[in-house]
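Here the structure comes first, spelled out in structure tokens, and everything after it is commentary.
The chains referred to below are lettered A, B, ... by the order of the sequence lines, with proteins before strands, and numbering in each begins at 1. Just so it is clear, the structure is predicted and the values come from calculations on it, not from any experiment.
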There are 2 protein chains.
Amino acid sequence: MPSSTVENYLKHILLLSESAQDLVSMGELASALAVVPGTATTMIKALAREGYVAHQPRQGVSLTSAGRTVALSVLRKHRLVETFLVNVLKMDWASVHAEAEKLEHAISDEVLDRLDALLGYPATDPHGDPIPSRKGKLNFQVYASLATCALKQPLRIVRITEQTTEFLQFADQNHLLPGSTLSVTSRNLPAGLATIKTTGTRTQAMSITAAGKILVEPLRR
Amino acid sequence: MPSSTVENYLKHILLLSESAQDLVSMGELASALAVVPGTATTMIKALAREGYVAHQPRQGVSLTSAGRTVALSVLRKHRLVETFLVNVLKMDWASVHAEAEKLEHAISDEVLDRLDALLGYPATDPHGDPIPSRKGKLNFQVYASLATCALKQPLRIVRITEQTTEFLQFADQNHLLPGSTLSVTSRNLPAGLATIKTTGTRTQAMSITAAGKILVEPLRR
DNA sequence: TAAATTATTTTGACTAATCAAAATAGCGTG
DNA sequence: CACGCTATTTTGATTAGTCAAAATAATTTA
């Protein structure tokens with residue numbers, strides 16, 4: 001049984017390799033896990049010995065299929081727990097991440113399956129993040145973001161890719177939740193600003209960086 | 001924040017000092033925690049330094065009020081989680097103990113309060129064990145057991161004081177659940193046997209030791 | 001291409017929790 | 001009151017995970 005430390009390393013490698021095309025560097029891994037780089041190196045060498053990762057010294061690290069299995073299972077637990085906390089216990093959207101961070105290592109597959117059924121087998125968590133299936137299939141869909149989509153087009157928010165409480169509170173307060181509809185009225189790249197209009201005809205500005213964390217799909221029908 | 005190891009030590013001291021009148025010996029503590037006695041001694045000395053327990057060398061250990069607070073909080077988590085697993089997720093009565101053993105260290109007070117509300121503020125868990133209140137009050141009531149109660153008197157089971165899967169399965173299969181009614185028809189102390197009659201007029205024998213783990217109250221009305 | 005900057009790895013040390021086995025203290029019994 | 005049994009405590013080692021700081025490699029800059 002991998003320890004919860006090991007589970008965390010593997011989960012973060014999975015998460016980081018979604019954005020990073022290929023190998024995850026020690027630097028980004030270490031900072032995602034809030035440890036010093038030397039610690040990450042040491043740990044990764046141990047994980048490589050145990051067959052969870054492949055380590056290209058001085059290049060980076062990637063998951064083996066064994067490591068990927070563990071990582072997906074942890075991610076599934078995390079996202080189903082978040083969904084439970086929000087949908088059943090009515091907890092605050094912005095604060096459930098930290099809770100799930102602890103529970104994901106303590107919950108058994110048996111409990112998880114029943115939770116899944118109780119929730120009606122959801123495909124995504126409350127932030128729009130896809131929930132891996134029991135078999136370990138992750139529905140990885142590529143969406144545009146508010147930073148990259150076409151201007152003036154009607155859009156629906158599908159996902160918020162950032163789990164910090166502050167960002168989620170910002171999104172919540174500005175009605176930028178999965179399901180909300182809006183459009184991007186303009187962008188000013190040099191200034192790093194995007195202007196959006198929500199359905200309530202409210203217009204507001206946000207940074208391009210923030211806009212890039214809000215994924216959308218074109219609204220049709 | 002106490003580690004989950006520390007939480008476990010404190011919880012078990014609380015549990016053992018219910019039966020043991022006063023001080024808990026290193027021997028019983030060590031075997032409850034499945035560690036060697038030397039480990040328990042070392043750990044208890046550390047806990048004493050941190051103010052969680054009072055250690056009488058070579059006599060035993062007892063909780064300080066700080067230690068008792070932690071222990072009661074863990075016990076509350078354990079028993080509410082068990083109740084949730086059985087009442088909401090419909091898990092098997094006999095197997096939830098092990099699950100709760102892990103979750104009790106991962107769940108926050110915030111989540112726990114909501115779980116408590118969802119369950120309707122239960123006073124006991126599915127085994128009849130009293131759930132400490134949020135304020136740390138433990139409704140410690142003294143009950144007779146099938147080993148000590150009067151013969152031929154109509155009784156209602158209120159609690160099963162033994163958490164092993166095997167014992168709980170035995171109780172389940174013989175309809176010995178909290179709420180069931182029955183009476184003790186006879187006891188044979190030298191043989192170590194008790195004979196009981198459940199309402200379905202079924203008569204069966206069990207050891208006095210097992211009978212002592214089933215707590216009852218006289219059925220009146 | 002040599003020097004400088006940056007990222008990674010190594011080394012040595014530390015903490016929490018554990019065990020095996022030896023040392024010690026308290027018994028009770030003869 | 002000494003002897004022996006049992007429980008407890010000590011001692012020395014081990015494992016997982018971590019950090020600080022030195023050493024090394026790679027890449028960028030001049």
| query | Considering only D/dT10, C/dT9, D/dC19, which nucleotide approaches the side chain of B/Thr41 most closely? | reply | D/dT10
| side-chain contact (heavy atoms from CB on, under 4.5 Å), paired with A/Arg134, selected from A/Asp109, A/Asp113, A/Asp116 | A/Asp113
| field | Minimum-distance nucleotide (side-chain atoms of A/Pro37 versus D/dT18, C/dT9, C/dT18) | value | C/dT9
| said: Distance criterion of 3.5 Å, no angle test: do you see the side chain of B/Arg58 paired donor-to-acceptor with the base of C/dT24? | reply: yes
| request: Write down the distance between CG (A/Leu23) and P (D/dA26), rounded to a whole number of angstrom. | output: 15 Å
| Is a side-chain donor or acceptor of B/Gln173 paired with a backbone partner of B/Phe170 at a separation under 3.5 angstrom? | no
| Among D/dT18, D/dG17, D/dT10, the nucleotide that comes nearest once only the side chain of A/Ser3 is considered | D/dG17
| note | Among the nucleotides D/dT10, D/dT18, C/dA17, whichever has the atom closest to the side chain of B/Met43 is C/dA17
| task | For A/Glu110 and A/Ser108, test the side chains for any donor-to-acceptor distance below 3.5 angstrom and give the result as yes or no. | result | no
| remark: Rounded to whole Å, the CD-P distance (B/Gln56 to D/dT8) equals 14 Å
| request: Using heavy atoms to find the nearest nucleotide of DNA chain D for B/His55 and A/Pro57 separately, return the residue whose nucleotide is more 5′. | output: B/His55
| task | Hey, which sits more toward the 5' end of DNA chain D by its nearest nucleotide, A/Ala34 or B/Met26? | result | B/Met26
| request: Measure from the side-chain N and O atoms of B/Thr64 to the backbone N and O of B/Gly51, and report whether any donor-acceptor pair falls under 3.5 Å. | output: yes
| Can you tell me how far C1' of C/dA17 sits from CG of B/Leu10, to the nearest Å? | 15 Å
| message | By nearest atom, which of the nucleotides D/dA20, C/dA17, D/dG17 is closest to the A/Val36 side chain? | response | D/dA20
